[in-house]
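Only heavy atoms go into these numbers, but all of them, side chains included; no hydrogens, no water, no symmetry mates. Each chain gets a letter, A, B and so on, in the order the sequences are listed, and its residues count up from 1.
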Amino acid sequence: MLELLRQPWSWYVAGALIGLTVPALLLLGNKSFGISANLRHACAACFPANIKFFQYDWKKEAWNLFFVGGILVGAIIATQFLSTPEPVKVSPALLSELKTYGIQDHDKLLPREIFSFPALFTLRGFVMLVVGGFLVGFGTRYAGGCTSGHAIMGISNLQVPSMIATASFMVGGFIMANLILPFILKL
Amino acid sequence: MGVLNKFQSAPVKEVSLPDTDYEVRTLDTICVNESAVQHKWYDNLKYAFVGIIFGIAFTKAEVISWFRIQEMFRLQSFHMYGVIGTAIAVAMISVWLIKRYKLKTIDGEPVRFHPKKFNKGQIIGGLIFGFGWAMTGACPGPLFAQIGAGFFVVAVVLASAIAGTWVYGYLREKLPH
């Protein structure tokens, strides 16, 4: 059993567990699934700066901070106790493309040529991590939610705005990955 | 921090706006999750437990992997479409069942759903988030999981995402919605 858990999980097992988070949160305490709101709570708690958008009682939304704390712990458990030392399987087409940018490491889930502290201090690493992170935070809040709040919670509740938002996420991702990222990765 | 302080001291222009507080709340689903039942802080641990299961599933299915996200946006793998598709299907059936049988929470409250209203932000912000998603290989949830998986540099990405959220809040009234 443990051996089975250690292998990478198939998409339908993980997809079902992620989907079940929605009824679990609703039935445990009427919480609508959504993760990006945490970033807003962090602003409201630490630097509200008289901005109306951050004037609310973030403590009432503390459940969400416990939830992401759980995600972090879950990732530690999965990495420490439920993993194999084998490299991550990556599509050959992607591997050969990445090789042209000098990215060869696929031992773990993220390539260390981009996701490491030495890489952070290169132009490419800075753009990927700092600018990329900024776009994630700015974009999700502007869109009113991220993949969890819109794509999973919103669409499962048949919300048209969430379908529009999800389509926009995908369009943005396709544009970045295919048209812009090749230039950034060459930096 | 220096940047934030500069923003703080900038004179805030008085803009007369209609009372948008209600709108703000419906747009951003803030404080919609309030329960009439009062809970102790440790009651929140149940959400941490759900988060742990969720984080394990995230990590083991490699949803938090930069490679899987690149493959998704290059149509080189079905994996992510399978994960997101299954998650939506399971969630949709669950929501339907909760509505159909008018299920109550464990505290006996009726389950409430919150309709979302369309605004241009879902398109503009959605595109911006899509750019960031393809760069970092992470939505806000996987950011936390990547840190837990031992990629401590992602804490910088998270801090930058919080800064992005703050700048949005600062510019909010000037942005098209």
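Contacts between B/M72 and chain A at a heavy-atom distance below 4.5 Å involve backbone atoms as well as side-chain atoms. Of the atoms belonging to A/V22, it is side-chain heavy atoms, and not backbone ones, that fall under 4.5 Å from chain B. Residue A/I77 touches chain B through its side chain alone, counting heavy-atom pairs closer than 4.5 Å. Contacts between A/M153 and chain B at a heavy-atom distance below 4.5 Å involve the side chain alone, from C-beta outward. Neither the backbone nor the side chain of A/L95 comes within contact range of chain B; no heavy atom of the residue lies under 4.5 Å from a heavy atom of that chain. Using a 4.5 Å cut-off between heavy atoms, A/R6 contacts chain B through its backbone alone, with no side-chain atom that close. If you measure heavy-atom distances from B/W96 to chain A, you find no contacts under 4.5 Å at all. The parts of A/V127 that come within reach of chain B are both its backbone and its side chain, each placing non-hydrogen atoms under 4.5 angstrom from that chain. Contact annotation for A/K108: both backbone and side-chain heavy atoms come within less than 4.5 Å of a heavy atom of chain B. With a 4.5 angstrom heavy-atom cutoff, B/L175 touches chain A via backbone and side-chain atoms both. For chain B, no part of A/Q80 is nearby; none of its heavy atoms comes within less than 4.5 Å. In this structure, chain B has no heavy atom under 4.5 Å from any part of A/S148. In this structure, the portions of A/I152 lying under 4.5 Å from any heavy atom of chain B include both its backbone and its side chain. Heavy-atom distances place both the backbone and the side chain of A/F115 under 4.5 Å from chain B. With a 4.5 Å cut-off on non-hydrogen atoms, A/I51 touches chain B through its side chain but not through its backbone.
For chain B, the option among A/G149, A/S83, A/A151, A/P111 with the highest count of heavy-atom pairs below 4.5 Å is A/P111. With chain B as partner, the option from A/G69, A/S116, A/G34 having the largest number of non-hydrogen pairs under 4.5 angstrom is A/S116. Ranked by heavy-atom pairs under 4.5 Å with chain B, the first of A/L109, A/L82, A/N157 is A/L109. Per-residue heavy-atom pair counts under 4.5 Å with chain A were compared for B/I56, B/I93, B/I123, B/L103, and the maximum is reached by B/I56. The residue among A/L135, A/I76, A/L110 with the most heavy atom pairs within less than 4.5 Å of chain B is A/L110. Heavy-atom pairs under 4.5 Å with chain B were tallied for A/L158, A/V13, A/L27, A/L5; the largest tally goes to A/L27. Between chain A and the options B/A159, B/S160, B/S65, B/G82, heavy-atom pairs under 4.5 Å are most frequent for B/S160. Ranking A/R112, A/K59, A/M170, A/Q7 against chain B, the residue ahead of the rest is A/M170, based on heavy-atom pairs under 4.5 Å. When the candidates B/V95, B/D43, B/L171 are compared by the number of heavy-atom contacts under 4.5 Å with chain A, B/V95 comes out ahead.
The closest side-chain donor-acceptor pair between A/Y142 and B/H177, if any, does not fall under 3.5 angstrom. Side chains of B/K104 and A/N30: a donor-acceptor N/O pair is absent below 3.5 angstrom, by distance only.
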Side chains of residues 172-187 of chain A: which donor-acceptor pairs under 3.5 Å do they make with residues two or more places apart or in other chains?
residue, atom, partner, partner atom, Å
A/N178, ND2, A/F174, O, 2.9
A/N178, ND2, B/F73, O, 2.9

Using distance only, find each side-chain donor-acceptor pair of residues 131-158 of chain B under 3.5 Å and give its atom names and separation, not counting sequence neighbours.
residue, atom, partner, partner atom, Å
B/T136, OG1, B/G132, O, 2.9
B/T136, OG1, B/A138, N, 3.2
B/T136, OG1, B/A138, O, 3.3
B/Q146, NE2, B/I64, O, 2.9

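A distance of 6.0 Å or more separates the ring centres of A/W11 and B/Y81. Aromatic ring centres of B/F58 and B/F54 lie closer together than 6.0 Å. In summary, the aromatic rings of B/F129 and A/F169 are positioned with their centroids under 6.0 Å apart.
Figure legend: B/K120 and B/F118 shown without cation-pi pairing, the cationic atom not lying both under 6.0 angstrom from the six-membered ring centre and within 45 degrees of its axis.
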### Evaluation steps, side-chain contact (heavy atoms from CB on, under 4.5 Å), between A/R40 and A/F53
CA-CA 9 Å; A/R40 183 178 178 189; A/F53 192 62; 3.5 Å; yes
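The existence of a salt bridge linking A/K89 and B/E62 is excluded, since no basic side-chain nitrogen approaches an acidic carboxylate oxygen closer than 4.0 Å. Under 4.0 Å is where a charged nitrogen must lie from a carboxylate oxygen, and between B/E71 and B/R68 at least one such pair does.
By the 4.5 Å heavy-atom criterion applied to side chains, A/S168 and A/V171 are not counted as neighbours. Proximity of A/F54 to B/W166: side-chain heavy atoms (C-beta onward) are separated by under 4.5 Å at one or more points.
At distances below 3.5 Å, at least one donor-acceptor pair connects side-chain atoms of A/E113 with backbone N or O atoms of A/D105.
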